[in-house]
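Here the structure is laid out as structure tokens; the discussion comes afterwards.
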Number of protein chains: 2
Amino acid sequence: MTEYKNIRIKDIAQMAGVSVATVDRVLHKRGKISEKAFQKVMEALEKTGYKPNLMASTLGAKKKYKIAALVPNPLQDDYWNQSASGILNAISEWEQYNVQIETFYFNLYDRTSFIAMSRKVLSQRPDGVLLAPIFHQEANEFFDELKASSIPYVLFNTNIPNATPISFIGQDLYQSGRVGAEMLHTKLSEPGNIAVLHVYEAIQNGVHLSEKEKGFRDFFRDNRLDDFTILSYEFENTHESEFSRELMTIITRDKLKGIFVSTSKGAYLTASVIDQAGIKDIALVGYDLLKNNIHYVYDRVINYLINQNPRKQAFLGISYLVNYLLFRKVPPANVLFPLEVISRENIKSYLNSGLN
Amino acid sequence: MTEYKNIRIKDIAQMAGVSVATVDRVLHKRGKISEKAFQKVMEALEKTGYKPNLMASTLGAKKKYKIAALVPNPLQDDYWNQSASGILNAISEWEQYNVQIETFYFNLYDRTSFIAMSRKVLSQRPDGVLLAPIFHQEANEFFDELKASSIPYVLFNTNIPNATPISFIGQDLYQSGRVGAEMLHTKLSEPGNIAVLHVYEAIQNGVHLSEKEKGFRDFFRDNRLDDFTILSYEFENTHESEFSRELMTIITRDKLKGIFVSTSKGAYLTASVIDQAGIKDIALVGYDLLKNNIHYVYDRVINYLINQNPRKQAFLGISYLVNYLLFRKVPPANVLFPLEVISRENIKSYLNSGLN
DNA sequence: TTCGTTTTTGTGTGCGCAAACATTATCTTT
DNA sequence: AAAGATAATGTTTGCGCACACAAAAACGAA
């Protein structure tokens with residue numbers, strides 16, 4: 001492969017013996033072109049490894065792309081607040097370019113609000129969509145409409161089996177369960193009972209959480225840690241006081257040695273119960289750098305957090321869409337983020353680095 | 001503050017009643033200008049909150065910036081190999097822009113080679129320099145020369161007290177020692193002796209490593225883990241077989257329960273000794289995702305690694321320089337990376353994510 | 001005043017590309 | 001074979017800026 005650089009459309013045109021417009025037509029698949037010209041242009045393109053100058057490209061283009069981000073209301077939950085902040089970062093990152101990024105917030109606890117907002121998104125005729133498909137069923141219907149309008153979309157946080165996004169950004173849930181198990185295990189000095197807690201805010205996707213549990217259980221099984229018994233409990237839309245009562249019952253009845261909470265919000269809810277009861281010997285592992293979670297890590301109530309990095313997920317999602325639309329750069333179909341282990345000693349380094 | 005957008009130089013010129021060239025002179029502080037014109041232009045600039053269009057700016061500029069990266073030879077060490085790969089990534093990231101990034105490799109074990117290469121860098125008259133200042137003394141002399149030529153530089157990996165780079169990129173060494181201690185401690189089932197190993201390839205900077213040890217010791221002290229005794233050993237330029245012999249002596253004599261190795265290469269050297277001796281009950285914590293280290297994590301010989309992310313460090317360093325030169329964007333003076341904890345269960349997620 | 005200097009301001013071109021616009025070649029149809 | 005249609009190709013402009021170049025003021029000495 002020969003090394004050419006700073007090859008311009010003009011150069012390609014010259015090499016192929018055609019005009020710049022013909023090259024442009026090949027590059028953008030627009031207009032008709034003779035087979036002969038096409039071949040010659042392609043040849044020159046491949047020979048030189050032509051890469052368009054992105055700056056000249058965006059400068060020359062008049063078209064403004066519209067990107068819609070459909071995510072839960074950031075005010076309802078700190079986790080989604082961080083997602084939203086990632087989107088804001090992306091907006092300022094790309095404001096120089098020919099893109100206009102608009103956010104659409106839906107109610108995390110209300111699927112009809114998701115439907116309403118998804119309609120609104122469609123009515124705006126965006127060129128690309130980023131979304132967190134919390135509600136599977138409703139999301140699928142939305143995907144169909146996007147497909148019908150051939151609007152590319154990127155999924156993050158939650159994957160959906162039959163969807164065909166240009167990219168999914170998230171984590172390996174199964175493996176994250178294993179990491180949770182690994183870390184919890186290091187904090188268990190002696191055998192006993194462990195609980196996996198699924199604390200939902202709304203009737204969410206079971207898949208999302210059961211994958212984590214699967215990984216969690218498999219870790220103990222694969223390492224032949226048979227003297228630990230894993231119990232699991234679900235709390236659905238449970239009021240805080242009720243949750244507190246039920247959890248205390250479980251803790252004492254089951255003589256729990258450790259708890260793994262599969263949701264970010266569940267972590268500090270659980271920590272709060274443990275803390276208020278003055279219990280000191282229960283190991284606790286949860287998810288995400290929420291304000292409240294951070295507090296309990298400092299207080300040694302939460303031992304480890306697994307960081308899902310919602311900020312970065314959302315940011316990357318927008319970046320992929322922009323690159324796809326502006327530069328026709330196809331993103332990887334699946335991006336699984338590192339399973340970051342947060343402890344009392346390294347948490348500050350995560351909060352300060354600002355690279356999240 | 002009124003909201004204007006897409007304000008061009010032309011608009012500013014019109015508002016100030018001058019020509020675009022005058023505005024250009026104000027913006028770039030070049031050429032002489034009358035006080036009156038200056039005031040009027042400044043007024044318009046502030047009123048509109050003018051922001052230059054970066055794309056048009058780089059497209060229009062003819063000047064090519066030269067950036068030099070002065071780093072250890074990647075062939076000598078996998079750690080520095082990863083640094084170099086980060087630089088390569090940066091090169092392809094910025095190849096579209098008016099920058100030319102050139103790498104200069106020096107011999108990790110030979111300070112004269114550093115001097116020679118730093119001279120070569122200067123002779124190229126670069127507009128910016130990225131460097132890993134392995135050799136303190138020599139680096140300081142280099143800084144003086146850079147300062148004399150007013151060439152901005154970014155430091156990474158190793159910080160140097162009196163240097164005045166536009167940015168330093170690295171980690172909090174003290175805190176990283178604490179994280180190492182924290183993780184090692186979780187793997188110590190019973191009290192006993194622990195060793196801190198400093199395995200140098202060359203006479204490097206003691207500061208770099210002793211900061212880690214300080215953090216390591218402080219963790220045990222602050223948590224009143226008095227029943228652990230911490231010993232420290234230095235290996236300087238030690239041949240592998242000799243290292244093996246000496247380490248075995250120490251392990252048996254001191255009845256070591258755990259080992260913390262402060263250098264990336266030291267980790268797998270130590271692991272190799274432990275592994276070959278068939279010792280199973282020593283906890284081991286080290287640094288970085290080197291090929292050999294990864295292998296020993298899978299084999300459970302190394303329990304945890306702290307990732308310094310050399311690839312990302314170097315990449316970011318170049319990006320900061322480019323932004324500084326091309327867009328006059330001043331980077332943060334200090335960027336301390338997250339102290340990533342790598343374990344057997346999450347290591348794959350780090351290797352696969354490709355975001356490093 | 002006049003001409004040469006210096007200071008200050010203005011005009012024009014090109015960066016690489018997208019896209020509107022303009023032209024030429026190639027068919028059809030009668 | 002001429003006229004119209006259509007397919008294929010070519011020319012030009014402008015995006016916002018940097019910068020070379022050109023021009024006009026302002027100043028100064030004779």
Side-chain angles (χ1 to χ4, degrees), chain A residues 4-42 44-45 48-65 95-99 127 325-329, chain B residues 4-42 44-45 48-65 95-100 127 325-328:
Chain A
Y4 290 85
K5 52 178 161 179
N6 296 339
I7 294 289
R8 303 159 300 171
I9 285 187
K10 206 178 182 179
D11 300 318
I12 299 292
Q14 203 164 16
M15 290 176 70
V18 296
S19 74
V20 289
T22 304
V23 178
D24 181 80
R25 287 181 184 101
V26 172
L27 287 172
H28 296 80
K29 302 180 177 57
R30 55 178 161 221
K32 308 236 170 174
I33 219 170
S34 72
E35 183 61 26
K36 203 170 66 183
F38 180 82
Q39 290 299 341
K40 292 184 95 175
V41 170
M42 282 306 286
L45 286 175
T48 56
Y50 168 80
K51 280 186 178 181
N53 180 317
L54 301 188
M55 262 130 355
S57 177
T58 52
L59 193 62
K62 293 169 203 307
K63 178 165 174 59
K64 303 272 175 206
Y65 289 93
E95 69 184 347
Q96 297 275 347
Y97 297 73
N98 296 330
V99 283
D127 300 286
L325 293 172
L326 259 64
F327 314 131
R328 288 170 291 283
K329 199 187 277 178
Chain B
Y4 288 86
K5 51 180 164 181
N6 297 338
I7 293 290
R8 302 158 301 169
I9 285 187
K10 205 178 182 180
D11 301 318
I12 299 291
Q14 204 165 14
M15 290 176 70
V18 296
S19 75
V20 290
T22 304
V23 178
D24 180 79
R25 286 181 185 100
V26 173
L27 287 172
H28 295 80
K29 303 179 178 55
R30 54 179 161 221
K32 310 236 171 174
I33 219 170
S34 71
E35 182 62 23
K36 203 172 67 183
F38 180 81
Q39 290 300 343
K40 292 184 94 174
V41 170
M42 281 307 284
L45 285 176
T48 57
Y50 169 79
K51 279 186 178 179
N53 180 318
L54 300 187
M55 258 117 17
S57 176
T58 53
L59 193 62
K62 291 170 203 308
K63 175 161 176 62
K64 303 276 175 202
Y65 289 95
E95 68 184 348
Q96 298 275 347
Y97 296 73
N98 295 331
V99 282
Q100 185 208 327
D127 300 287
L325 294 172
L326 260 62
F327 313 130
R328 290 173 286 284

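Letters go in sequence order (proteins before strands), and every chain restarts at 1.
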* Asked: Is the backbone N or O of Asn53(A) less than 3.5 Å from a side-chain atom of Ser57(A), with the two atoms forming a donor-acceptor pair by type?
  -> no

Between CE of Met55(A) and P of dA18(D) the distance, given in whole Å, is 13 Å

Atom CG of Leu59(A) and atom P of dT13(D) are separated, to the nearest Å, by 18 Å

Atom NE2 of His28(A) and atom C1' of dT9(D) are separated, to the nearest Å, by 17 Å

Rounded to the nearest 0.5 Å, the OG1 atom of Thr58(B) sits from the OH atom of Tyr65(B) at a distance of 10.5 Å

Phosphate-side-chain proximity, Thr58(B) and dC15(C), N/O vs OP1/OP2 below 4.0 Å:
no

message = Below the 4.0 Å mark, does dT9(C) have OP1 or OP2 next to a side-chain nitrogen or oxygen of Ser19(B)?
response = no

Is the shortest side-chain N/O distance from Tyr97(A) to OP1 or OP2 of dG16(D) below 4.0 Å?
no

To the nearest angstrom, the NZ-P distance between Lys63(A) and dC15(D) comes to 19 Å

Of Arg25(B) and Leu54(B), the one whose nearest nucleotide on DNA chain D sits closer to the 5' end is Leu54(B)

Asp24(A) CG to dT12(D) P, in whole Å, measures 16 Å

**Report entry** Ser34(A) side chain near dT9(D) phosphate (N/O to OP1/OP2, under 4.0 Å)
**Finding:** yes

* side-chain N/O Arg30(A) vs dA19(C) OP1/OP2, d < 4.0 Å -> yes

ask   = Do any N or O atoms from the side chain of Asn98(B) and from the backbone of Leu59(B) form a donor-acceptor pair under 3.5 angstrom?
value = no

